[in-house]
> 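Pasting in a structure now, in C-alpha cells, and then I'll have a few things to ask.
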Amino acid sequence: MLDEVERWLAARSWSAADRPLDQLLDRKRAAGTTVSVVLPALDEEATVGEIVGVIRRDLIDGLPVPLVDELVVVDSGSTDRTAQVAAAAGARVVHRDAILPRIPALPGKGEVLWRSLLATTGDVVCFVDADLRDFSASFVSGIVGPLLTDPQVQFVKAMYDRPLADAPGQGGRVTELVARPLLNLHWPQLAGFVQPLGGEYAVRRSLLERLPFPVGYGVELGLLVDALHTVGLDALAQVDVGVRLHRHQDGRALGRMAAAIYRTAQVRLSRAHLVRPELTQFERGPDGFVPRTYPVDTEERPPMAEIKEYAGRRVA
C-alpha cells in the first residue's frame, strides 16, 4: 500500500460513533447546510418502508432540528407497491421518468442517481440503497457527519461488514473479484476504501454536479474514480457504520454487474472504443447449456451542471 494511502487511512477513516448526533445538529445549524437523502428503488416494497420510517423517526421528526431536510425515493419503474409503501412511510416519491422528461430515461441505477440531483436541493446528497434490512439511522448520520464537521471533506463512503448468508465477510463478491483488483492496479490511491462499490455515500452537491454518471452498475466506481481526479484523495473519506444486510444477487446477475464495472474502468483508463460491449452467459436448458447475451452499459450521463434545466433552476 502506498505511504499516501496509509496516511489517508489514519486521517480519513472514522466510525459513526466519532460524531454524536447532537454535535452534527449543532454544526448543521451553525453552517446552514441542508441534507437530502435519496433512495433509488426498483421493486423494494419489502424493505423501503422500514428504511424511510427509521430516517423519519430518528433523523427528522424526532429531533428539535432535523438532520435530514429532504427524504426522496426515486422509483425507477417498480411493478410492486414500492411507491405506495415509501409514501406511506413518509418519503416524497418521484418517478424516474418524471424527472427531466426531455431526455428519455435509460435503465440503470446510475441513471436514477443522476436524475435525483434535479429532484433534490440539499447542499449534501446522501444515497442509500433501498434493499437494506435491519437498517440503522447511523448509515445516514455516519456518512453525512464528516461533511458537516470538516469543510475539506467532499465525498464520504460507508464501510461495513457484508455477510453472505451465515458467513461473515463473504459478501461483496464483485468488489473482491473485480473492483478491488482494478483499483489496486490502476488507481492505487483508492486502495484504502473498504467498500468502494457500496451504495451508501454522501457527497457535496457542488462536487456531484460536476461528475459524469455511468447509467448502470458502474456508477459507484465511476464516481469514486472521478472524484479522486477532481478533488484529490484528502477530500475523500470513509465511515464505519457496522453491518450491511441486504438481498444478494445470483451469480449471473453478478457477472453482468462485473462487466459493467470493468467497462466503466476501461473507459476511464483509455476513453477508447469498446470492441464488444456485450456479455454472454450460460444457463442450462432442457437440451443443454443455452447462451444468453446481455448488453453491457455503455452510456454515461454528462455532469448535471451541463444540463440546461439544472442550470436554469439554480438561476431561478
Side-chain angles (χ1 to χ4, degrees), residues 14-76 78 80-96 98-99 112-113 115-149 156 158 160 198-205 208 239-246:
W14 299 294
S15 166
D18 291 337
R19 293 173 175 83
L21 188 55
D22 56 354
Q23 177 190 0
L24 300 184
L25 295 177
D26 288 343
R27 298 297 290 271
K28 180 176 185 291
R29 186 188 299 111
T33 305
T34 55
V35 176
S36 299
V37 174
V38 173
L39 277 67
L42 177 63
D43 294 331
E44 303 293 359
E45 67 174 355
T47 50
V48 69
E50 179 186 354
I51 298 171
V52 170
V54 169
I55 294 173
R56 284 217 66 98
R57 182 192 68 212
D58 295 346
L59 301 179
I60 301 176
D61 298 334
L63 301 175
V65 177
L67 183 71
V68 173
D69 301 281
E70 281 185 312
L71 177 53
V72 179
V73 170
V74 182
D75 186 355
S76 58
S78 297
D80 65 3
R81 298 182 62 254
T82 291
Q84 297 93 316
V85 170
R92 174 163 63 90
V93 179
V94 184
H95 196 281
R96 174 200 62 196
I99 307 170
V112 174
L113 301 185
R115 289 176 184 263
S116 76
L117 296 184
L118 258 174
T120 57
T121 60
D123 303 313
V124 169
V125 182
C126 175
F127 298 120
V128 176
D129 281 350
D131 66 343
L132 303 187
R133 295 182 285 111
D134 297 337
F135 179 76
S136 166
S138 63
F139 271 72
V140 173
S141 60
I143 58 178
V144 167
L147 297 167
L148 297 177
T149 59
V156 183
Y160 32 65
E200 291 69 47
Y201 47 104
V203 192
R204 296 193 192 278
R205 177 178 294 272
L208 274 179
V239 173
D240 189 348
V241 296
V243 179
R244 185 185 197 266
L245 301 175
H246 66 114

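Note that these values count all heavy atoms, side chains included, but never hydrogens, waters or copies made by symmetry.
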> Pairs in or reaching into residues 30-42: which pass side chain to side chain donor-acceptor pair (under 3.5 Å), with residues at least two apart or in two chains?
Thr34-Asp123, Ser36-Glu70

> Taking all non-hydrogen atoms of both residues, which atom of Ser78 and which atom of Asp43 are closest, and how far apart?
OG-N, 2.8 Å

> Working to the nearest 0.5 angstrom, can you tell me the gap between Leu21 CG and Leu59 CG?
6.5 Å

> So which atom in Leu24 and which in Gly145 form the shortest heavy-atom distance, rounded to 0.1 Å?
CD2-CA, 3.5 Å

> I need the minimum non-hydrogen distance between Val93 and Ala83, along with the two atoms involved.
CG2-O, 3.6 Å

> Provide the closest heavy-atom pair for Leu25 versus Val65 in the form atom of the first, atom of the second, distance.
CD2-O, 3.2 Å

> Without swapping roles, check the side chain of Arg244 against the backbone of Tyr160 for a donor-acceptor pair under 3.5 Å.
no

> In the structure I gave you, are the side-chain heavy atoms of Glu44 and Leu39 within less than 4.5 Å of one another anywhere?
no

> Check whether any side-chain heavy atom of Val128 lies under 4.5 Å from a side-chain heavy atom of Phe135, and answer yes or no.
yes

> By ring-ring contact (aromatic ring centres under 6.0 Å, His included), which residues pair with Phe127, not counting sequence neighbours?
Tyr201

> Taking Asp69 for the side chain and Val35 for the main chain, is one N or O donor matched with an acceptor at less than 3.5 Å?
yes

> Between atom CD of Glu50 and atom CD1 of Ile55, what is the distance when rounded to the nearest 0.5 Å?
10.5 Å

> Are the side chain of Glu200 and the backbone of Val140 linked by a donor-acceptor contact shorter than 3.5 Å?
no

> Taking Glu45's backbone N and O only, do any of them form a donor-acceptor pair with Asp80's side chain (distance below 3.5 Å, no angle check)?
yes

> For the backbone of Gly122 and the side chain of Arg205, can you confirm whether one donor and one acceptor N or O come within less than 3.5 Å of each other?
yes

> Do Ser136 and Val241 touch side chain to side chain, with heavy atoms closer than 4.5 Å?
no

> So, does Arg92 use its side chain to make a donor-acceptor pair with the main chain of Ala119 at under 3.5 Å?
yes

> Output every pair passing side chain to side chain donor-acceptor pair (under 3.5 Å) with a member in residues 14-25, not counting sequence neighbours, ordered by first then second residue.
Arg19-Thr149

> Give a yes or no answer on whether the side chain of Lys28 reaches the backbone of Val68 with a donor-acceptor pair at less than 3.5 Å.
no

> How long is the gap from CG on Leu71 to CD1 on Ile60, to the nearest 0.5 Å?
5.0 Å

> Could you pull out the closest heavy-atom pair between Ala16 and Ser138, with the gap in Å?
CB-CB, 4.2 Å

> Output the distance between atom CG (Leu132) and atom CD1 (Ile51), rounded to the nearest 0.5 Å.
4.5 Å

> Can you tell me how far OG1 of Thr47 sits from CG of Asp134, rounded to the nearest 0.5 angstrom?
11.0 Å

> Using every non-hydrogen atom in the two residues, find where Ala130 and Pro40 come nearest and quote the distance to one decimal.
CB-O, 3.5 Å

